[in-house]
Amino acid sequence: MRTIRVETERAYDVFVGAGALALAVDHAQGRQKRAVLADETAWKLHGNGLNFGPQCPLLLLPPGEPAKETAVLHRCWEFLAASELTRDALLVAFGGGAALDVAGLSAALYMRGIDWIAVPTTLLAQVDAAIGGKTALNLRQGKNLVGAFHQPVGVYADPHCLTTLRTSDFRSGLGEVLKCALLGSMGLMELLESHAGALVARELELTGKVVAACASLKARLVAADPLDRGARRELNLGHTFAHAIEHVAGPGCVPHGLAVSVGLILALALAEEADILRDATLTERTRRLATSLDLPTSITQLAQLAGKPLPPEEILRAMDLDKKTLADGLRFVLPRELGQVERDAAVAPRRVLRVLQAACR
Ligand code: GLY
């Protein structure tokens, strides 16, 4: 078992490895009152690994993004109240990023905040969503527009849960792993380069090692900047492009991590265009690694996946809507070299367009 400490105001641990589910059960059984909010599909596949006993109330959430709705959140609060959860109770959140978002937000607001633990069951959630206390709902106007920061009191990630993921969901998680490699140490990049095939095949020990490396990176950035006003924004590397592409493709048409993979390549190209990238070999190295992780590297590949064109001009327009851009122009997180980024690079829209056009050829 690997343990990573997240040093926030109230520090907590991320446990990664076989047996993490049993540790989550131990944690919950230390509380007199507890309840579980779980993604329905994940619970069917892995809920038997979490034996809280017959007295533990359970509410199943609709699978995936449809759970991130006000009506579902309301149902969660009523379930917590009907289960007679008090302020000293513990909520267990089980599932992928969407289930954790809803459960975390339920915990943040029920009785003005109760403790929760996260048991992430997708690669994306294990390397990103479960750590750092971001919780959110979607509105018709956009994703994650309503939410709160509410750190969990423990995160329990068992790589065994990843063996049942659909290939497309696992690949989507790999997009975030690739981002961590660019933000992190030479060690993670080299590990991925030398073991890409085994990771794609979900070899358990290796997967745990990679999840732990990504979790360590995230723990460091969250500890430095829990409210996402500085260092933590490095985690948005590739995301300004990715969110715009997802917006143009339409809801659910391009898996988030695949858009991130292309977003990373575009961020590298833009960093070159803006004379920010110091290591000229990094773009080709990242492209090669993405390909060996079975990830897309061009907008053209994403357009094929979406079954519709993704015109550069529309992607550029969508960037204006991205909540991470500021009033005075387009701002990006751009790589300088492996493990180093410029967090707030302003780049003229015409240069961004040039990079987008090149990625469509
Ligand atoms: N997913 C990015 C963050 O947690 O800040």
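The analysis underlying the following values was restricted to heavy atoms, covering all of them including side chains, and did not include hydrogens, waters or symmetry mates. Remember, it's 1-based here, ligands and their atoms both numbered in the order they're listed. In this chain, residues are counted from 1 in sequence order.
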Can you pull every nitrogen or oxygen pair between ligand 1 and the protein closer than 3.5 angstrom?
from	atom 1	to	atom 2	distance (Å)
ligand 1	1 (N)	Asp128	OD1	3.1
ligand 1	1 (N)	Asp128	OD2	3.1
ligand 1	4 (O)	Lys218	NZ	2.6
ligand 1	4 (O)	Arg232	NH2	2.8
ligand 1	5 (O)	Lys134	NZ	3.0
ligand 1	5 (O)	Arg232	NE	2.7
ligand 1	5 (O)	Arg232	NH2	3.4

According to side-chain hydrogen bond (donor to acceptor under 3.5 Å, both in side chains), does anything in residues 96-106 pair up with another residue at least two apart or in another chain? List the pairs.
Lys68-Asp101
How long is the straight-line distance from CG of Leu237 back to CZ of Phe332, given to the nearest 0.5 Å?
11.5 Å
With ring-ring contact (aromatic ring centres under 6.0 Å, His included) as the rule and sequence neighbours excluded, what pairs involving residues 58-104 come up?
Trp43-Phe94
Measure the acute angle between the ring planes of His243 and His256, then classify it against the limits of 30° and 60° as parallel, tilted or perpendicular.
parallel
Students often mix this up, so state it plainly: with edges at 30° and 60°, are the rings of Tyr156 and Phe15 parallel, tilted or perpendicular?
parallel
For Glu273, salt bridge (Lys or Arg N to Asp or Glu O under 4.0 Å) partners two or more places apart
Arg351, Arg354
